[in-house]
Each structure stands twice: as C-alpha cells, then as structure tokens.
Amino acid sequence: EALETLYNTNHELMIRNPLALALPHASKIIDLPVKGTEFNIIDYSIPFYQLVLSDLIDYAGQPFNMYDQQSITWHMLKAIESGSHLNFTWTYQDTYDLMHTEFNRFYSTHYVNWFDQAVSMYQEVNSLNIHQARLVDHTMIERDVVHVTYSNGVEIIINYKTTAVNHQGNVVPAMDYLVIKGAN
C-alpha cells in the first residue's frame with residue numbers, strides 16, 4: 001500500500017534492488033545485481049533479471065566506484081552484457097574531508113576524480129544503442145566470453161579474459177568487447 005501511495009503521488013519512483021512485489025511501482029531501479037551467485041555448483045550465470053526487465057524499466061547496477069572488488073572496465077562490460085545503465089556515487093566533498101565522519105564509507109566518491117571518465121564511459125555505452133532495445137539473448141561462448149543480442153539487432157561479444165579470444169574469425173581483445181552487428 002505504501003508503494004502504491006508513493007507511486008500514485010509521484011508517478012516516478014526509483015527503488016534500490018527491489019523485491020518482485022515492488023516492481024509494478026518502480027520507474028527506475030538502481031543497485032540491481034549484475035552477476036549471480038558464485039557458489040561452486042553454478043557453472044555460469046546469466047543476467048536473468050535484466051532479460052526480464054530490459055526495455056520495461058530503466059535499471060542500473062551497483063555504483064562502479066563503490067564496489068572496487070572488480071575494475072571499472074569489468075563494471076562497464078557487465079553493464080553492456082546486462083543492458084544496465086552506468087551508476088556512480090559521487091560526493092561534492094573531497095574523500096579526505098569525509099574521513100572520520102559518518103560518511104567515511106564514501107572513500108572513492110569525489111566527483112572531480114570521476115567526472116571525465118564517467119562522461120567518456122556514458123558516451124561509449126550510449127553509442128552502442130543498447131538502452132533503446134530489449135536484451136533478447138545471452139549465450140556463453142566459453143568461460144568468461146559471452147555473446148549478447150538486443151532487439152534492435154545489436155550483437156556484442158564480451159571477453160572477460162586476460163587474453164584475446166578468437167570466435168568465428170572475430171578477435172575480441174582481453175577485457176573488452178566487440179560489436180558484431182548494429183550500433184553506431
């Protein structure tokens with residue numbers, strides 16, 4: 001009932017990693033996981049949540065600069081793989097000024113340090129035209145190499161390996177992607 005009231009009042013509701021019952025009320029979703037469980041019993045995961053939500057609701061993964069267990073490049077590749085928008089958490093205050101305050105968890109958020117890189121990343125991802133389409137297929141080519149297809153015909157091979165891979169005559173550099181069809 002609370003979600004319904006909020007949605008009816010604002011008509012725009014951004015929800016952080018919602019449960020399924022909140023989805024009908026969400027206009028935007030942030031902090032959506034872009035990878036599945038890492039239990040040994042699982043061979044690989046697909047972006048199932050994103051395959052369902054793609055082109056229905058705008059969504060973004062976790063803030064790149066707050067989850068430093070992986071590189072910025074890895075986060076961008078995951079965004080391309082899952083059709084997610086890019087997400088950063090920024091502060092106006094310098095990170096050093098936030099130390100020893102209630103905001104010390106924002107250790108890598110000073111916008112000045114991220115602005116140019118974020119703009120460049122947004123331009124690159126936007127040029128792929130993946131946000132104007134639905135994620136319709138996700139195929140694992142081999143471990144750490146995936147092929148994704150969007151409803152507008154864009155096809156991309158993503159390589160998470162530290163070495164280049166050759167797939168059907170297409171060489172995909174290490175930790176990079178290659179547009180097979182579509183995009184600008």
Side-chain angles (χ1 to χ4, degrees), residues 1-39 41-70 72-92 102-103 105-106 108-109 111 114 118-119 121-140 146-158 160 177 179 181-184:
E1 288 177 13
L3 285 172
E4 178 110 14
T5 301
L6 284 169
Y7 182 76
N8 289 337
T9 303
N10 300 315
H11 301 293
E12 287 288 322
L13 193 56
M14 181 184 294
I15 303 177
R16 175 174 279 130
N17 193 11
L19 297 173
L21 63 95
L23 289 176
H25 307 289
S27 307
K28 296 180 181 1
I29 297 172
I30 59 171
D31 293 348
L32 196 62
V34 293
K35 67 178 189 166
T37 180
E38 294 180 349
F39 290 132
I41 195 167
I42 306 297
D43 290 331
Y44 69 94
S45 67
I46 63 168
F48 179 74
Y49 212 173
Q50 290 82 352
L51 281 162
V52 172
L53 295 178
S54 181
D55 200 35
L56 297 174
I57 300 173
D58 281 336
Y59 54 87
Q62 298 165 320
F64 292 12
N65 57 324
M66 294 293 290
Y67 293 89
D68 61 356
Q69 296 86 357
Q70 300 289 346
I72 292 298
T73 302
W74 181 92
H75 284 285
M76 189 167 104
L77 293 176
K78 277 297 183 185
I80 294 168
E81 177 186 356
S82 64
S84 300
H85 289 280
L86 308 183
N87 185 4
F88 291 88
T89 295
W90 287 349
T91 55
Y92 179 77
E102 64 185 294
F103 303 107
R105 71 183 179 279
F106 298 110
S108 181
T109 58
Y111 80 96
W114 291 100
V119 167
M121 292 170 74
Y122 274 100
Q123 290 171 341
E124 183 175 348
V125 171
N126 286 340
S127 74
L128 299 174
N129 295 323
I130 61 175
H131 297 125
Q132 292 78 32
R134 183 175 194 80
L135 178 61
V136 294
D137 188 48
H138 182 280
T139 306
M140 182 173 160
V146 297
H147 178 267
V148 292
T149 305
Y150 289 87
S151 62
N152 60 357
V154 173
E155 293 185 37
I156 303 171
I157 297 176
I158 302 159
Y160 293 98
Y177 66 93
V179 177
K181 288 185 188 173
N184 293 333

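All values reported here derive from a predicted model rather than from experimental measurement. Note that the numbering runs from 1 along the sequence shown for the chain.
- A pairwise comparison of heavy atoms in Ala133 and Asp55 identifies O-CB, 3.8 Å as the closest pair.
- The closest side-chain heavy-atom distance from Tyr67 to Trp74 is not below 4.5 Å.
- The aromatic rings of Trp90 and Tyr111 sit tilted relative to each other, their planes meeting at an angle between 30° and 60°.
- Counting all heavy atoms, side chain and backbone alike, Leu23 lies closest to Pro18 at CD2-CG, 3.8 Å.
- Expressed to the nearest 0.5 Å, how far CD of Gln62 lies from CZ of Arg16 amounts to 10.0 Å.
- The closest donor-acceptor contact from the side chain of Gln132 to the backbone of Asn126 lies at 3.5 Å or more, if one exists at all.
- A donor-acceptor pair is defined here as one N or O able to donate and one able to accept, closer than 3.5 Å; no such pair exists between the side chain of His75 and the backbone of Gly61.
- At least one donor-acceptor pair closer than 3.5 Å links the side chain of Arg134 to the backbone N or O of Val52.
- A side-chain donor-acceptor contact under 3.5 Å links Glu124 and Tyr177.
- Residues Met66 and Thr109 share a closest heavy-atom pair of SD-CG2, 3.4 Å.
- A distance of 9.0 Å separates CG in Leu135 from OG in Ser84, rounded to the nearest 0.5 Å.
- A cation-pi geometry, defined here as NZ or CZ lying under 6.0 Å from the six-membered ring centre and within 45° of its normal, does not hold between Lys181 and Tyr150.
- Across Ala20 and Pro24, no two heavy atoms sit closer than the pair O-CD, 3.6 Å.
- Between the Asp31 side chain and the Asn17 main chain, no donor and acceptor come within less than 3.5 Å of each other.
- Using cut-offs of 30° and 60° for the angle between ring planes, the His85 and His131 rings count as parallel.
- A side-chain N or O of Glu81 and one of His138 form a donor-acceptor pair less than 3.5 Å apart.
- In this structure, Leu53 and Leu32 have side chains that are in contact, with non-hydrogen atoms separated by less than 4.5 Å.
- Considering every non-hydrogen atom in both Gln50 and Pro33, the closest pair reads NE2-O, 2.9 Å.
- Considering CG of Asn129 and CG of Asn152, their distance stands at 6.5 Å, rounded to 0.5 Å.
- The main-chain N or O of Ser108 is found under 3.5 Å from a side-chain atom of Asn65 such that the two form a donor-acceptor pair.
- The structure places OG of Ser151 at 11.5 Å from CD1 of Ile130, a figure rounded to the nearest 0.5 Å.
- Remark: side-chain polar atoms of Trp114 are not paired, donor with acceptor, to backbone N or O of Thr89 under 3.5 angstrom.
- When Ile29, Asp58, Ile30 are each tested for a side-chain contact (heavy atoms from CB on, under 4.5 Å) with Met14, only one passes: Ile30.
- Taking all atoms of both residues into account, the shortest heavy-atom contact from His25 to Leu13 is O-CB, 3.4 Å.
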